[in-house]
Amino acid sequence: MDIKIGARTWYPDISQEYFNKCLGKDRETTSVSLGFRISGFKVFDNQESSYWMPDKNVVHGYNVDEARLALRKFVSSNSLADSIPDCAFASEVYGGSKGILAQLLELKAWFETQTLYHLYSSSVLMFYENESVLMKGGDDARAQVKLIDFAHFLDGSSVIDHNFLGGLCSFIKLIQDILESSDISNETNTSQFKNGH
């Protein structure tokens, strides 16, 4: 999954035409409202035994709720055609000491102190190995987070990149919310099972 980070994707000293193009995209997507937008993703559908990849134009049109839904589908085992993702892989992929959340928090810690660069239109790429999650007892999703797309970076002039950091914090919060809601759901399911319901 490719997540473009920052509420503002344009950089200083650009043409008015490029500024208008970037501002339009930022306003039409969740860049302004969330501080990030999903640029694209591909997920293996276990029930269909094939990859599912929504059209780029559809993804760019996601609102806040659709972005949240896409992040839930990214870690679900049920058919992607289902309207309610089960988030079965959330704890293995997003959680744990090697999960996506831990890696995002490391990246955040770096951005809280680094003042060398300001990144514009850069992305976080996150992925995991589906086979590792599906193995019985497999708790190593081999989830990874990579910082990509460095075409537009500028000298930070000894100032923290609040645009990137703010978007990253918003993204982290959404991942934490998904983890917490999947933990509550798992506890409820376990409790119901123990009580015979």
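Just so it is clear, the values below take in all heavy atoms, side chains as well, and ignore hydrogens, waters and symmetry mates.
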Decide if atom CG of D13 counts as having more than 12 heavy atoms of other residues, nucleotides or ligands within a radius under 6.0 Å. no
Minimal non-hydrogen separation, A102 against S97, with atom names: CB-O, 3.5 Å
Is there a path of hydrophobic side-chain contacts, each under 4.5 Å between heavy atoms of I, L, V, M, F, W or Y residues, that connects F36 with L105? yes
Which heavy atom of D161 sits nearest a heavy atom of H118, and at what distance? OD2-CA, 3.2 Å
Trace of the side chain to side chain contact (heavy atoms under 4.5 Å, CB included) decision for L71 with M1: CA-CA 9 Å; L71 289 166; M1 181 175 279; 3.3 Å; yes
Would a distance-only check, ignoring hydrogens and angles, find a side-chain to backbone donor-acceptor pair under 3.5 Å from Q114 to G156? no
Do L116 and L107 share a hydrophobic cluster, counting only Ile, Leu, Val, Met, Phe, Trp and Tyr and linking them when any side-chain heavy atoms are less than 4.5 Å apart? yes
So, for F164 and Y117, is the gap between ring centers shorter than 6.0 Å? no
Report whether W52 and I3 are members of the same hydrophobic cluster (ILVMFWY, side-chain heavy atoms less than 4.5 Å apart, transitive linking). yes
Rounded at 0.5 Å granularity, tell me how far CG in D2 sits from NZ in K146. 14.5 Å
Nearest 0.5 Å, what's the OG1-NE2 distance between T30 and H60? 9.5 Å
Which pair of heavy atoms, one from S77 and one from F89, lies closest together, and at what distance? CB-CZ, 3.5 Å
Keeping Q103 on the side-chain end and K98 on the backbone end, is there a donor-acceptor pair under 3.5 Å? yes
Co-members of Y51 in a cluster of I, L, V, M, F, W and Y side chains, linked at under 4.5 Å: F44
Could you tell me whether E112 and K108 have a side-chain N and a carboxylate O separated by less than 4.0 Å? yes
Between I160 and T115, is a side chain to side chain contact (heavy atoms under 4.5 Å, CB included) present by the stated rule, with each step listed? CA-CA 5 Å; I160 290 174; T115 58; 3.9 Å; yes
As an exercise, state the distance from CD1 of I178 to CZ of F74, rounded to the nearest 0.5 Å. 10.5 Å
Describe, in one word, how the ring planes of F41 and Y62 are oriented to each other, choosing from parallel (under 30°), tilted (30 to 60°) and perpendicular (over 60°). tilted
Kindly determine whether S121 and K4 satisfy side chain to side chain contact (heavy atoms under 4.5 Å, CB included), including the steps that lead there. CA-CA 6 Å; S121 280; K4 193 163 295 292; 4.2 Å; yes
Nearest 0.5 angstrom please: I175 CD1 to M126 CE, how far? 4.5 Å
Residues A67 and I38: closest non-hydrogen pair is O-CD1, 3.7 Å
Rounded to the nearest 0.5 Å, what separation is found between the CZ atom of R37 and the OG atom of S123? 8.0 Å
With hydrophobic residues grouped by side-chain heavy-atom distances under 4.5 Å, do F127 and L147 end up in a single group? no
Nonpolar side-chain network containing Y18, other nodes, edges under 4.5 Å: W10, Y11, I14, F19, L23, Y120, L154
Let me confirm one number: the CG-CZ distance from D177 to R72, rounded to the nearest 0.5 Å. 10.0 Å
Is F171 reachable from V32 through a run of I, L, V, M, F, W or Y residues, each pair having side-chain heavy atoms under 4.5 Å apart? no
Provide the closest heavy-atom pair for G61 versus E66 in the form atom of the first, atom of the second, distance. O-OE1, 3.7 Å
Do you know which of N163, D26, T29 makes side-chain hydrogen bond (donor to acceptor under 3.5 Å, both in side chains) with T9? D26
Steps toward side chain to side chain contact (heavy atoms under 4.5 Å, CB included) verdict (L119, I5): CA-CA 9 Å; L119 305 178; I5 304 289; over 6 Å; no
